[in-house]
Amino acid sequence: MTTAQPRQAVDLDVQPSPLALLLLGREADPRSERGVECPGDLPSPSDPDLVERARAAKEKLGDKVFVLGHHYQRDEVIQFADVTGDSFKLARDAANKPEAEYIVFCGVHFMAESADILTSDDQKVVLPDLAAGCSMADMATAEQVAECWDVLTDAGVAESVVPVSYMNSSADIKAFTGKHGGTICTSSNAKRALDWAYEQGEKVLFLPDQHLGRNTAVRDMGMSLDDCVLYNPHKPNGGLTVEELRNARMILWRGHCSVHGRFSLESVEDVRARIPGVRVLVHPECKYEVVAAADEVGSTEYIIKALDAAPAGSKWAIGTELNLVRRLANAHPDKEIVFLDKTVCFCSTMNRIDLPHLVWTLESLAAGNLVNRIEVDRETESFAKLALERMLALP
């Protein structure tokens with residue numbers, strides 16, 4: 001029996017495009033705008049003292065600051081996180097740290113909103129770069145969803161529809177969900193949320209990720225693809241007839257993750273041809289045909305635990321964000337872990353939070369200057385919290 005030999009830190013053989021390098025802060029484009037400028041001077045990325053400056057500012061703040069790092073964050077930022085995790089775990093971690101006056105969320109905007117909803121009024125949630133948004137969350141606006149509900153009402157089905165919104169949604173969408181008797185879900189508990197919803201009504205409006213909704217309904221709950229219809233907010237009546245709305249069990253919002261949506265069936269077939277015996281593990285935000293072709297499907301936390309438990313010498317192709325895949329590959333040198341696609345797949349908005357923004361944030365807070373606070377208004381918070389509490393009460 002041959003024992004697998006440990007390997008050096010791996011290169012996943014993924015080539016960033018010029019746009020990806022720009023988003024990662026490794027190139028410059030004088031014609032582009034930075035997004036949201038920070039008041040005051042943002043440290044230069046080339047400053048050799050950035051790590052020490054971040055460490056010193058964090059040490060000066062002590063227990064007053066609690067830094068959250070999402071799994072998709074850059075290594076240069078994640079090294080300063082007090083806890084790491086997915087968006088909901090991090091929001092709950094913040095709520096369980098009441099002594100921290102400042103919650104610095106190294107993630108994206110909807111995550112910081114969720115943290116503000118779940119933490120106390122005395123705590124202040126800060127996002128190091130206000131331009132760090134989420135393309136999926138932005139695909140469903142409050143106005144669009146209100147119009148959709150009018151369409152459902154006119155079709156005579158609204159009373160039988162229960163909204164279920166993915167955690168990756170804005171506070172406004174979470175509030176809409178709470179106001180209309182619905183619940184929030186994560187990629188880990190989507191089936192439980194849908195089981196609960198179908199006990200309340202006959203149909204579900206799933207926001208804003210069509211792929212998680214479809215994959216859960218068909219793969220986990222035994223529905224057919226014909227049970228699902230796709231509501232397009234950019235078309236009159238969502239591009240659907242009254243009959244289609246009345247016959248549907250799952251009304252899927254036309255939204256998707258720009259990272260996970262890039263993986264294709266060809267990616268799966270290519271990696272199987274290149275690496276005999278490889279196991280394909282993908283996130284449920286991937287397209288239905290990708291999920292159907294994979295060996296395993298699971299949330300970010302599931303992916304991490306699966307690789308932790310995998311035997312030495314096993315081979316894995318992972319369909320999720322590249323920063324996380326690289327981190328996992330380097331953490332498990334006894335296993336062959338590759339990125340599912342050959343094309344770069346960073347979460348570009350998450351990568352807006354870099355070390356200069358984190359240093360600027362921590363130094364500002366240490367100097368007594370509150371910057372980039374994320375604050376959800378009272379009414380929105382009330383209804384959004386109601387939807388989150390329904391999720392927390394799920395069996």
Side-chain angles (χ1 to χ4, degrees), residues 86-89 110 134 136-137 139-140 145 148 160-169 173-174 176-177 180-232 238 240 244-245 247-261 263 265 268 280-306 318-321 387-388 390-395:
D86 61 18
S87 58
F88 184 58
K89 175 184 180 294
F110 80 80
C134 170
M136 181 201 295
M139 290 177 190
V145 176
C148 172
S160 63
V161 174
V162 178
V164 175
S165 291
Y166 190 22
M167 192 71 186
N168 298 27
S169 58
I173 301 307
K174 290 183 176 73
F176 168 89
T177 305
H180 289 83
T183 187
I184 307 302
C185 76
T186 68
S187 54
S188 299
N189 69 7
K191 182 181 183 299
R192 276 183 288 155
L194 288 177
D195 284 338
W196 174 87
Y198 283 112
E199 292 173 359
Q200 320 304 314
E202 299 173 5
K203 305 174 187 292
V204 164
L205 171 63
F206 195 91
L207 299 152
D209 180 22
Q210 60 169 304
H211 300 306
L212 178 62
R214 182 182 295 106
N215 289 330
T216 306
V218 177
R219 180 177 179 273
D220 300 333
M221 302 182 69
M223 294 188 202
S224 72
L225 290 173
D226 291 337
D227 289 321
C228 307
V229 294
L230 189 63
Y231 183 94
N232 186 341
L240 298 169
E244 286 173 321
L245 288 170
N247 290 338
R249 295 188 64 196
M250 280 286 285
I251 302 167
L252 303 167
W253 191 265
R254 189 177 181 271
H256 65 276
C257 170
S258 57
V259 170
H260 294 104
F263 298 112
L265 182 58
V268 178
V280 177
L281 172 54
V282 302
H283 194 282
E285 290 176 17
C286 292
K287 298 172 185 175
Y288 175 74
E289 59 267 27
V290 174
V291 166
D295 296 298
E296 294 187 45
V297 182
S299 66
T300 303
E301 295 291 343
Y302 178 94
I303 292 171
I304 293 170
K305 290 176 181 177
I318 310 300
T320 194
E321 204 272 344
L388 287 165
R390 289 192 185 116
M391 180 182 74
L392 291 171
L394 291 173

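Numbers here simply count residues along the sequence, with the first being 1.
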Who passes salt bridge (charged side-chain N to carboxylate O under 4.0 Å, His left out) against Asp195, sequence neighbours left out?
-> Lys191

How many angstroms lie between OG in Ser169 and CE in Met139, if you round to the nearest 0.5 Å?
-> 13.5 Å

Closest non-hydrogen atom pair between Leu194 and Ala217, with its separation = CD1-N, 4.5 Å

Would you please name every residue forming a ring-ring contact (aromatic ring centres under 6.0 Å, His included) with Phe88, sequence neighbours left out?
-> none

Can you name the closest pair of heavy atoms from Ala306 and Glu296 and give their distance?
-> CB-OE1, 4.4 Å

For the residue pair Glu202 and Arg249, establish whether any side-chain heavy-atom pair is separated by less than 4.5 Å.
-> no

Decide side chain to side chain contact (heavy atoms under 4.5 Å, CB included) for Asn168 and Asp209; before the verdict, give the C-alpha distance in whole Å, the side-chain angles of both, and the deciding distance to 0.1 Å.
-> CA-CA 8 Å; Asn168 298 27; Asp209 180 22; over 6 Å; no

Output the distance between atom CD (Glu285) and atom OH (Tyr166), rounded to the nearest 0.5 Å.
-> 3.5 Å

For Phe263 and His283, what are the C-alpha separation, side-chain angles and deciding distance, and is it a side chain to side chain contact (heavy atoms under 4.5 Å, CB included)?
-> CA-CA 10 Å; Phe263 298 112; His283 194 282; over 6 Å; no

Mind checking whether Phe110 and Ile173 have side chains closer than 4.5 Å, heavy atoms only?
-> no

Find out whether Asp227 and Met250 are in side-chain contact, i.e. whether some heavy atom of one side chain is under 4.5 Å from a heavy atom of the other.
-> no

Is any side-chain heavy atom of Asn215 closer than 4.5 Å to a side-chain heavy atom of Val297?
-> no

Can you tell me how far the CG atom of Leu240 sits from the CG atom of Leu230, to the nearest 0.5 Å?
-> 7.5 Å

Which distance, rounded to the nearest 0.5 Å, do you find between the CZ of Arg254 and the CD of Gln210?
-> 7.5 Å

Could you walk me through whether Arg214 and Arg219 pass side chain to side chain contact (heavy atoms under 4.5 Å, CB included), step by step?
-> CA-CA 8 Å; Arg214 182 182 295 106; Arg219 180 177 179 273; over 6 Å; no

Side-chain (Thr177) to main-chain (Pro163) donor-acceptor, under 3.5 angstrom = no

Can you list the steps and then say if Asp86 with Thr186 is a side chain to side chain contact (heavy atoms under 4.5 Å, CB included)?
-> CA-CA 9 Å; Asp86 61 18; Thr186 68; 5.6 Å; no

Report yes if some heavy atom in the side chain of Cys185 is under 4.5 Å from a heavy atom in the side chain of Phe206; otherwise report no.
-> yes

Nearest 0.5 Å please: distance from the OG1 atom of Thr320 over to the CD1 atom of Ile303.
-> 4.5 Å

Got Tyr302 and Leu281 here, is their nearest side-chain heavy-atom distance under 4.5 Å?
-> yes

To the nearest 0.5 Å, how far apart are CD1 in Ile318 and CD in Glu321?
-> 13.0 Å

4.5 Å side-chain heavy-atom contact, Met167 and Leu388 | yes

Lys287 meets the salt bridge (charged side-chain N to carboxylate O under 4.0 Å, His left out) criterion, sequence neighbours left out, with none

Please tell me if the side chains of Leu205 and Cys148 come closer than 4.5 Å, counting only heavy atoms from C-beta onward.
-> yes

